[in-house]
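The structure appears below as structure tokens.
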There are 2 protein chains.
Amino acid sequence: MRPTLQDMANILNLSKSTVSRALAGDSRVAEATRTKVVTLAEQIGYRPNPIAQGLATRRTNIIGLAVPYAPRSLSDPFYLEFLGAAGDTAMKYGYSLLLSAAEREGSGGYRSHMELANSARVDGMILTEPRVLDERIEILKKMDLPFVFLGMVEDPDVSWVSGENTRGAAFAVARLIELGHRRIACITGPSDQTASKARFKGYSVALAEAGIPLDRNIVASGDFTQTGGYQAMKAVLEHESDISAVFACNDVMAFGVMRALREAGLAIPNDVSVLGFDGIPFAEYMDPPLATVRQPILELGRTIVEILVEQMNGKNKCPIHKVLNVEFQPAGSIAPPSWISREASTCVSGAV
Amino acid sequence: MRPTLQDMANILNLSKSTVSRALAGDSRVAEATRTKVVTLAEQIGYRPNPIAQGLATRRTNIIGLAVPYAPRSLSDPFYLEFLGAAGDTAMKYGYSLLLSAAEREGSGGYRSHMELANSARVDGMILTEPRVLDERIEILKKMDLPFVFLGMVEDPDVSWVSGENTRGAAFAVARLIELGHRRIACITGPSDQTASKARFKGYSVALAEAGIPLDRNIVASGDFTQTGGYQAMKAVLEHESDISAVFACNDVMAFGVMRALREAGLAIPNDVSVLGFDGIPFAEYMDPPLATVRQPILELGRTIVEILVEQMNGKNKCPIHKVLNVEFQPAGSIAPPSWISREASTCVSGAV
DNA sequence: GCAATTAATGCAACCGGTTGTATTATTCGC
DNA sequence: GCGAATAATACAACCGGTTGCATTAATTGC
């Protein structure tokens, strides 16, 4: 049986409270006593019971992490990396992560997240994939539990951390335009997710700045999964054959896009360039390596936990919004459009 | 403030115990009373405090999940999928998953897992990546906490669930041999992991059955990461140029292998065939799609939780060892060796 | 109609800690 | 040497549930 505080007290002929204070480093207990207590604790392997501590202090040292159910969620390496980084950081601050496995049902899919938040089991929550009008926010606000979103939230009272979606997408798409691309398809994520919306906005901005009209026929919406990207790309290819580049709003969809293109007999990047978003490790192992916008995934995980910890400690009551830099990462999946290469080669052969 | 049991008791002029029993469905409380209690609970949104419940019942309804630190761990989609499935199943049985973020240090890397196991915070533990002589087993056995490993463990007293590593690998490698391959390299995982060892054994068995001698020069050890696979393949290519196929002990390493081969100017599968293991979703999105041995990842997650739940309920005291079927999944990354194709084409052109 | 059952509820201890306050022992000033 | 201040420790309530046993009320048997 695990030794308890009372056991220790009995052995040392002390009271529970003194033993407890000795371990907590309370200045009121004599140095000699503390030493004895600590030594004994070491000896018999005493560890305070976190459940009892939780009941007494109303703190659990656990952070709830709400991961949305599929289609995206836990099959996207982005989340795994994020999870790892968040877990690491949480541990550094003495917290553990409790996963809220999401539910399958469509609309009620947030119930388990809300239950966890309301369970007194966690000191704070990390939430992911905010929607434009996210029903969870109102519920959470009523609970006075600190929480932070991964991804931008409109409500100014809510803390969040996000990669620079709009600017990142705009910058990368501008590079495509710079290469000579004019017909650039866009595979978006679910339209009600803020990240998806922001990346699409970046795409639109880049087009607008280059004076290229936005053509809805070459914009399709996926669901942030391989399959989603694959199907969306197929749908676009059915009607449009003159695109020379594709911007997929995340890497995983870009993989599906690449497959759809190849199946349509289009070579990457010779016929069509492909650009992703996220910078997951697999991107550079594709053939050709996928050009993407690298998010600082580890830093996102770290930062979000740090902000949450601050709020849990009550140090900072005002909401924090943090946008982390992203970085365009060129790679073999993008190249100038074929008509430029052809012109160039014509030109060269003409000169020879 | 959250309503407590006492609040409910006060409102209804009942005692805590009756209210508690009413909610628990104890047959001793009158039906009318139970209805009143349940109605009120519904009305004021009463939810029992799981921390207090945990203290009283010594059950937390939480399963600890120990994920080893890098290099593999949470950057491998295999684990993410596993995690999702385990989480889903856990929820179905009323449990949540508490992640044990692993530590960076090499040898002491298991400390946090053991602390979690010993923390009274979890009712059971899921452990991953067993090593051949896994130090955790002895520690866990002393704690009388149910635990199950993902992956085979030698100790017969320990429960585990695993894919059919040896047979799966043997079968797949045999298919390579069947295609005509003789010089098949093997990129193993860390040699002290049972999964790695078992898959390598499958490779050896297949060779032996075909009468092909095992050549240690074309066996290299990776660490189950892309980079590890890449480097191991490079090392092999440095001395050996006559291999016609590679078996990587997991898909993620296979991606690294493919990259190394391409960088060496070798085409897949024309010059070299590549075979992976795991069946992660990305495999089929590679170019060419990666042939692999598909593990039933979701079922692994489901089964492991079910076994653990059974053991936590005390229904089954004897250890359970479960081997789940794997399935060879052919794909574009494997083909007959080039000398066969060349012979074939020579033959054909000769015939014409 | 009264003892014996049975049904319904209440009391109080307990889970293992934390923490406000009371108590005892010691030291200090003068 | 005595009262006051201070240091060290103990007591007891509390966190919010669960659970064994006692108690009371209602029902049954004869």
Touch class at under 4.0 angstrom, heavy-atom based, for [X] against every strand present:
X: B:Asp7; result: nothing
X: B:Ser17; result: base
X: A:Ile51; result: nothing

Pairwise side-chain contact, [X] with [Y], heavy-atom cut-off 4.5 Å (strictly under):
X: A:Ile307; Y: A:Val161; value: yes
X: B:Met125; Y: B:Val148; value: no
X: B:Asn61; Y: B:Asp123; value: yes
X: B:Trp160; Y: B:Val323; value: yes

Is a side-chain donor-acceptor pair under 3.5 Å present for [Y] with [X]?
X: B:Ser159; Y: B:Gln311; result: yes
X: B:Asn10; Y: B:Gln6; result: yes
X: A:Ser20; Y: A:Ser17; result: no

Measure the distance from [atom1] on [X] to [atom2] on [N] and round it to the nearest whole Å.
X: A:Arg59; N: C:dG17; atom1: CZ; atom2: P; value: 18 Å
X: A:Asn49; N: D:dG17; atom1: CG; atom2: C1'; value: 14 Å
X: B:Arg121; N: C:dG16; atom1: CZ; atom2: C1'; value: 14 Å
X: A:Leu5; N: C:dC14; atom1: CG; atom2: P; value: 17 Å
X: A:Met8; N: D:dT9; atom1: CE; atom2: C1'; value: 16 Å
X: A:Leu14; N: D:dA10; atom1: CG; atom2: P; value: 5 Å
X: A:Leu12; N: D:dA8; atom1: CG; atom2: P; value: 17 Å

Side-chain N,O ([X]) to OP1/OP2 ([N]) below 4.0 Å:
X: A:Arg58; N: D:dG16; answer: yes
X: A:Ser15; N: D:dC11; answer: no
X: A:Gln53; N: C:dT18; answer: yes
X: A:Thr4; N: C:dG16; answer: no

Might you list the N or O atoms of the protein lying below 3.5 Å from N or O atoms in nucleotides 23-27 of chain C, with each pair's distance?
none

Practice problem: Give, ordered by number, those residues of residues 21-46 of chain A having at least one heavy-atom distance below 4.0 Å to an atom of DNA chain C; if nothing qualifies, reply none. | Solution: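 When residues 21-46 of chain A is checked for heavy atoms under 4.0 Å from DNA chain C, the hits, listed by number, are A:Arg21, A:Arg28, A:Tyr46.
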
Quiz item: Which listed nucleotide (D:dG17, C:dG16, D:dA10) is nearest to the side chain of B:Leu55?
Solution: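 Shortest atom-to-atom distance from the side chain points to C:dG16.
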
Self-check item: Candidate pair B:Glu129 and B:Tyr79, rule side-chain contact (heavy atoms from CB on, under 4.5 Å), full reasoning
Solution: CA-CA 11 Å; B:Glu129 298 208 335; B:Tyr79 272 105; 2.8 Å; yes

Quiz item: Which heavy atom in A:Met152 sits nearest to a heavy atom in A:Pro130, and how many Å separate them?
Solution: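 Heavy-atom minimum between the residues: O-CG, 3.3 Å.
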
Practice problem: Return the 5'-most residue of the pair A:Thr57, B:Ala52 with respect to DNA chain C, ranking by each residue's nearest nucleotide. | Solution: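 Residue closer to the 5' terminus by nearest nucleotide: B:Ala52.
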
Quiz item: For B:Phe149, which of B:Asp134, B:Ile126, B:Asp155 qualifies under side chain to side chain contact (heavy atoms under 4.5 Å, CB included)?
Solution: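 Single side chain to side chain contact (heavy atoms under 4.5 Å, CB included) partner of B:Phe149 among B:Asp134, B:Ile126, B:Asp155: B:Asp134.
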
Quiz item: What about B:Lys16: does its side chain form a donor-acceptor pair under 3.5 Å with the base of D:dG16?
Solution: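 Checked by distance alone, the answer is no.
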
